[in-house]
Undergrad: 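Below you'll find the structure I mean.
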Amino acid sequence: MTDTKSSKAASSGDTPRRVFIKSFGCQMNVYDAQRMADALSAEGYVETATPDDADLVLLNTCNIREKAAEKVYSDLGRIRVLKDAAAREGRRMTIGVTGCVAQAEGAEIVARAPAVDLVVGPQSYHRLPSILKQSAKGAVIDTEFATEDKFDFLAPPSRAATRARGVTAFVTVQEGCDKFCTFCVVPYTRGAEVSRPVAKIVAEVERLVDAGVREVSLIGQNVNAYHGEGPDGRTWSLARLLARLSEVSGLARLRYTTSHPNDMDDDLYAAHRDLPALMPFLHLPVQSGSDRMLSAMNRRHTRADYLRAVERLKTAQPDIAFSSDFIVGFPGETDADFQATLDLVAEVGFAAAYSFKYSPRPGTPAADMDEQVPEDLKSARLAQLQALIDREQAAFNARCIGRTFDVLLEKSGRHPGQITGRSPYLQPVQVMADTSDIGRIVAVRIEDVRVYSLLGSRLAAQDQQNESAASAPRVAAIAHGA
Ligand code: SAH
Ligand code: SF4
Ligand code: F3S
C-alpha cells in the first residue's frame with residue numbers, strides 16, 4: 001500500500017468513506033495511487049491502512065512479470081472474503097483493479113474474479129469518481145486511452161496530504177513508451193509516449209515545495225525521452241526542464257528515472273555537469289551485456305554504446321554512480337552471453353542493480369521466440385548475477401566510510417533519536433538528529449555500513465534548510481570500478 005494518509009475529512013457532507021489502495025510495481029504506480037487518492041479525497045474519501053473496514057479497495061497492479069500479474073488474483077481472493085463479510089454486516093465494499101494488469105486484461109479480470117466491480121486502466125484515472133458511481137449498477141471496465149489529458153482532471157493533493165507524504169515526492173513528467181523491447185508489456189499497458197507541458201510540471205513542483213518537499217524525482221517510463229511543450233511554445237528536453245526546476249526556490253534535490261541509454265543527449269550530459277541540484281546517481285537500465293541479446297531484445301543499443309554513455313556521464317560528473325536493470329535467461333541466452341553480462345557489471349561497478357529472470361509475457365514478441373531458457377538455468381544465472389551485484393554494492397558502500405555526504409533527513413529512524421535520511425546515492429543513512437530536523441539537509445560523516453544502510457554522525461549543526469538548489473551537493477570522490 002502507499003504510505004499516503006490523508007487527514008482531509010469528507011467534503012461531501014456525510015461520514016467519510018474509506019479507501020484502501022495497494023500499489024504493486026514501479027514508482028509511477030506509487031505516484032498514480034496518490035493521484036487517485038487525491039481525486040477520491042475530493043469525493044469525500046479518506047485513506048485507510050487496511051482493507052478490512054474499507055468501502056473501496058483498489059489494487060493498483062503491475063503486469064511486468066508473470067508473478068506480479070498473478071499476485072493480483074491471490075489478493076483478490078482474500079479481498080472477496082472481506083467483501084462477503086462486509087455484505088453480511090449490511091455494508092457494501094467496492095473492489096477495483098487499476099494499473100497495468102487492468103489495462104492488459106480488462107474484462108477478463110471480472111470473468112476470473114466476479115467480485116471485482118471496476119477495472120480502470122492507467123489513462124482513465126480521472127474518470128474514477130464517475131466510474132465509481134456507475135459501478136453501483138454493475139461492473140465497469142474502462143481501458144480506453146483517453147484523448148484528453150488526465151492530469152487536467154485529477155485533483156491536486158491538499159497541503160496536508162502532501163506534508164503527510166514526506167519531504168520527497170515523485171512527479172510524472174512523461175508516460176508511455178514507443179521503444180517496444182521484445183520482452184516488455186509497458187508499451188501496451190501505458191500506451192505511446194506522452195510528455196506533460198512544462199508549465200504544469202513547474203506548477204506541481206512549486207505546490208509540493210510550498211508544502212515542504214525538498215527533493216523531487218521526475219518519473220516516466222522513458223523519462224529522458226521527455227519532449228514537452230515549453231512556455232515559449234517550443235519543445236523542451238528533459239535537460240531544459242531540469243534546469244527550469246532547479247530554479248524553484250526551496251527545492252534542494254532533483255532526480256529523474258527511468259532513463260533509456262539511447263535518449264541520453266548532449267544537453268542531459270551537460271545538465272549533470274552544470275546543475276548542482278541534480279543528484280549524481282542515475283538508474284540506467286542495460287538489461288544485458290551481450291550484443292546478441294541486446295539485439296534480440298530490440299534495445300537498439302550495443303554494449304559499447306552503453307559504456308560510452310556511462311563514460312560521458314562520469315566525465316560530466318566525476319562523482320556519479322549508477323544503478324541498472326538486468327534480465328537473465330532471455331530466449332537464446334548462452335553461457336557466453338551471460339558471461340558478457342557479468343563482465344559488464346564488473347566493468348561498470350554499479351552502486352546498486354536489479355536483476356530479474358526473464359518472464360514471457362503474453363502478446364510480446366519474445367514470448368514466442370524459440371530457445372526459451374529452462375527455469376533452473378535462469379535461477380542459477382540469477383543467483384550468480386545477484387551475488388556479484390551484492391558484492392559490488394557492498395564495495396561501493398564500504399568506500400563511503402570516512403566520506404562526508406549531504407543527507408536529506410526524511411523520517412524517524414529505527415532507534416530513538418535516530419533519523420533516517422538519504423545520501424545523494426539514495427542510500428539510507430541513519431543519523432542522530434531531532435524530528436524537527438526532518439526536511440533539512442545536513443553534513444554527515446559516514447562511519448559504518450549495515451546491510452541496507454549507512455551509519456553516520458552529523459558534522460555540524462549548521463542549518464542548511466534554506467539552502468537552495470544553487471548550492472553544490474557535497475559528495476566525496478568515489479572511485480569507480482570493481
Ligand atoms: N522503462 C524502463 C523499465 C521498465 S520495466 C526501461 O526501459 O528500462 C523495469 C524492468 O523490468 C526492466 O528494466 C526490465 O529489466 C524488467 N523487465 C521488463 N519486462 C520483463 C520481463 N518480461 N521479464 C523479466 N524482467 C522484465
Ligand atoms: Fe519496456 Fe523497453 Fe519501453 Fe523500457 S524501453 S518500458 S523496457 S519497452
Ligand atoms: Fe509494472 Fe506497469 Fe510499472 S507493468 S512496472 S506498473 S508501468
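Both ligands and their constituent atoms are indexed starting at 1 by order of listing. All values below were derived from every heavy atom in this structure, side-chain atoms included, with hydrogens, water molecules and symmetry-related copies excluded.
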Undergrad: Heavy-atom distances under 4.0 Å are what count here, so tell me which part of Asn222 touches ligand 2: side chain, backbone, both or neither.
TA: side chain
Undergrad: Whether Arg18 and Asp52 form a salt bridge (side-chain N of Lys/Arg under 4.0 Å from carboxylate O of Asp/Glu) is what I want to check.
TA: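 No, Asp52 and Arg18 are not salt-bridged.
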Undergrad: Please lay out, stage by stage, how Ser355 and Asp325 fare under the test side-chain hydrogen bond (donor to acceptor under 3.5 Å, both in side chains).
TA: CA-CA 6 Å; Ser355 45; Asp325 289 342; over 6 Å; no
Undergrad: Considering only NZ, NE, NH1 and NH2 on the basic side and carboxylate oxygens on the acidic side, decide whether Arg312 and Asp265 come within less than 4.0 Å.
TA: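 Between Asp265 and Arg312 there is no salt bridge, as every charged N stays at least 4.0 Å from the carboxylate O atoms.
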Undergrad: Is the distance between the ring centroids of Phe396 and Tyr425 less than 6.0 Å?
TA: yes
Undergrad: Among all protein heavy atoms, pick out the one at the shortest distance from atom 23 (N) of ligand 1; state its residue, atom name and that distance to 0.1 Å.
TA: Ser359 N, 2.9 Å
Undergrad: Is the shortest distance from a Lys or Arg side-chain nitrogen in Glu215 or Arg422 to a carboxylate oxygen in the other one below 4.0 Å?
TA: no
Undergrad: Report the nearest protein non-hydrogen atom to atom 2 (Fe) of ligand 2: residue, atom name, distance rounded to 0.1 Å.
TA: Cys181 SG, 2.3 Å
Undergrad: If you take the nearest heavy atom of each of Pro187, Cys177, Cys100, which one is closest to atom 2 (Fe) of ligand 3?
TA: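 The nearest heavy atom belongs to Cys100.
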Undergrad: Show me which atoms of ligand 1 lie under 4.0 Å from any heavy atom of Ile64.
TA: 5 (S), 11 (O), 17 (N), 18 (C), 19 (N), 20 (C), 21 (C), 22 (N)
Undergrad: Salt bridge check: are Arg112 and Glu70 linked by an N-O gap of less than 4.0 Å?
TA: yes
Undergrad: Under 4.0 Å from a heavy atom of Pro285: which atoms of ligand 1 are those, numbered in the order shown and with their elements?
TA: 8 (O)
Undergrad: Measuring from atom 1 (Fe) of ligand 3, which candidate in Ala69, Gly176, Gly99, Cys62 has the nearest non-hydrogen atom?
TA: Cys62
Undergrad: Does the side chain of Thr302 pick up a donor-acceptor pair with the side chain of Asp305 at under 3.5 Å?
TA: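 Present: a donor and an acceptor within the cut-off.
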Undergrad: Taking Glu333 first and then Lys378, would you say they form a salt bridge - that is, a charged N and a carboxylate O separated by under 4.0 Å?
TA: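 No, this pair does not count.
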Undergrad: Run the numbers for me: atoms of ligand 2, each under 4.0 Å from some heavy atom of Phe180, listed by number.
TA: 8 (S)
Undergrad: Should you measure from each heavy atom of His260, which atoms of ligand 2 turn up under 4.0 Å away?
TA: 5 (S)
Undergrad: What are the atoms of ligand 1, with element, lying closer than 4.0 Å to any heavy atom of Lys357?
TA: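 Answer for ligand 1: 23 (N), 24 (C).
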Undergrad: Just need the protein heavy atom nearest to atom 3 (Fe) of ligand 2, so name the residue and atom and give the distance.
TA: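 Checked against all protein heavy atoms, atom 3 (Fe) of ligand 2 sits closest to Cys177 SG, 2.2 Å.
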Undergrad: Show me which atoms of ligand 2 lie under 4.0 Å from any heavy atom of Lys179.
TA: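 Going through ligand 2 atom by atom, the ones under 4.0 Å from Lys179 are 3 (Fe), 5 (S).
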Undergrad: What residue and atom, counting heavy atoms only, is the protein's closest point to atom 1 (N) of ligand 1, and at what distance?
TA: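 Scanning the protein heavy atoms, the shortest distance from atom 1 (N) of ligand 1 goes to Gln221 O, 2.7 Å.
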Undergrad: Between Asp75 and Lys22, is there a side-chain N and carboxylate O pair less than 4.0 Å apart?
TA: yes
Undergrad: Using a strict cut-off of 4.0 Å, indicate which atoms of ligand 1 neighbour a heavy atom of Arg65.
TA: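 That gives atoms 11 (O), 16 (C), 17 (N), 23 (N), 24 (C), 25 (N), 26 (C) of ligand 1.
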Undergrad: For ligand 2, indicate whether the residue Phe183 contacts it via side chain, backbone, both or neither (heavy-atom separation under 4.0 Å).
TA: side chain
Undergrad: So which heavy atom in the protein is nearest atom 19 (N) of ligand 1, and how far is it from that ligand atom?
TA: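 Minimum-distance protein heavy atom for atom 19 (N) of ligand 1 reads Phe183 CD1, 3.3 Å.
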Undergrad: Which of the atoms of ligand 3 are close to Cys26, meaning less than 4.0 Å from one of its heavy atoms?
TA: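 Checking each atom against Cys26, I get 3 (Fe), 5 (S), 6 (S), 7 (S).
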Undergrad: Any idea which protein heavy atom is nearest atom 6 (C) of ligand 1, and the distance to it?
TA: Thr258 CG2, 3.9 Å
Undergrad: Output yes if Cys184 passes the N/O/S-under-2.8 Å test against atom 2 (Fe) of ligand 2; output no otherwise.
TA: no
Undergrad: Below 4.0 Å from any atom of ligand 3, is there a heavy atom belonging to Gln221?
TA: yes
Undergrad: Please say whether more than 12 non-hydrogen atoms of neighbouring residues, nucleotides or ligands are located less than 6.0 Å from CD in Glu66.
TA: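 No, not enclosed.
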Undergrad: Ion pair present between Arg381 and Asp337, side-chain N to carboxylate O less than 4.0 angstrom?
TA: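 Looking at Arg381 and Asp337, the cut-off is not met.
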Undergrad: At less than 4.0 angstrom from any non-hydrogen atom of Arg361, what atoms of ligand 1 do you find?
TA: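 Heavy-atom distances to Arg361 below 4.0 Å select 22 (N).
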Undergrad: Does Arg190 approach ligand 3 within less than 4.0 angstrom via side chain, backbone, both or neither, non-hydrogen atoms only?
TA: side chain
Undergrad: Measure the distance from atom 7 (O) of ligand 1 to every protein heavy atom, then report the residue, atom name and distance (to 0.1 Å) of the closest one.
TA: Arg299 NH1, 3.8 Å
Undergrad: Identify, by atom number and element, the atoms of ligand 3 in contact range of Asn29, meaning under 4.0 Å from any of its heavy atoms.
TA: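 Within the 4.0 Å cut-off of Asn29, ligand 3 contributes 6 (S).
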Undergrad: Using heavy atoms and a threshold below 4.0 Å, how should the contact between Pro187 and ligand 2 be classified: side chain, backbone, both, or neither?
TA: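 Contact part for Pro187 vs ligand 2: side chain (C-beta onward).
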Undergrad: Are any of the protein's heavy atoms under 4.0 angstrom from atom 4 (C) of ligand 1, yes or no?
TA: no
Undergrad: Return the closest protein heavy atom for atom 10 (C) of ligand 1 as residue, atom name and distance.
TA: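 Among all protein heavy atoms, the one nearest atom 10 (C) of ligand 1 is Asp325 OD2, 3.4 Å.
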Undergrad: Classify the angle between the aromatic ring planes of Phe183 and Phe330 as parallel (below 30°), tilted (30 to 60°) or perpendicular (above 60°).
TA: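 Taking Phe330 first and then Phe183, their aromatic rings stand perpendicular (interplane angle over 60°).
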Undergrad: For the CD atom on Glu144, are there more than 12 heavy atoms of other groups (residues, nucleotides or ligands in this structure) within a distance under 6.0 Å?
TA: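 Counting other residues, nucleotides and ligands, CD of Glu144 stays at 12 neighbours or fewer.
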Undergrad: Is it true that the side chains of Arg300 and Asn298 contain a donor and an acceptor less than 3.5 Å apart?
TA: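 Per modelled atom types, Arg300 and Asn298 side chains form a pair under 3.5 Å.
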Undergrad: Identify the protein heavy atom lying closest to atom 4 (S) of ligand 3, giving its residue, its atom name and the separation to 0.1 Å.
TA: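 Checked against all protein heavy atoms, atom 4 (S) of ligand 3 sits closest to Asn63 N, 3.2 Å.
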Undergrad: OH of Tyr354: more than 12 outside heavy atoms within 6.0 angstrom?
TA: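 No, because the 6.0 Å sphere around OH of Tyr354 holds 12 heavy atoms or fewer from other groups.
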Undergrad: Count the heavy atoms of every other residue, nucleotide or ligand shown that sit under 6.0 Å from CZ of Arg292, and state whether that count exceeds 12.
TA: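 Yes, enclosed.
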Undergrad: Give a yes-or-no answer on whether the side chains of Asp343 and Gln339 include a donor-acceptor pair shorter than 3.5 Å.
TA: yes
Undergrad: Quick test: of every protein heavy atom, which one is nearest to atom 15 (O) of ligand 1, and how far off is it to 0.1 Å?
TA: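 So the nearest neighbour among protein heavy atoms is Gln287 OE1, 2.7 Å.
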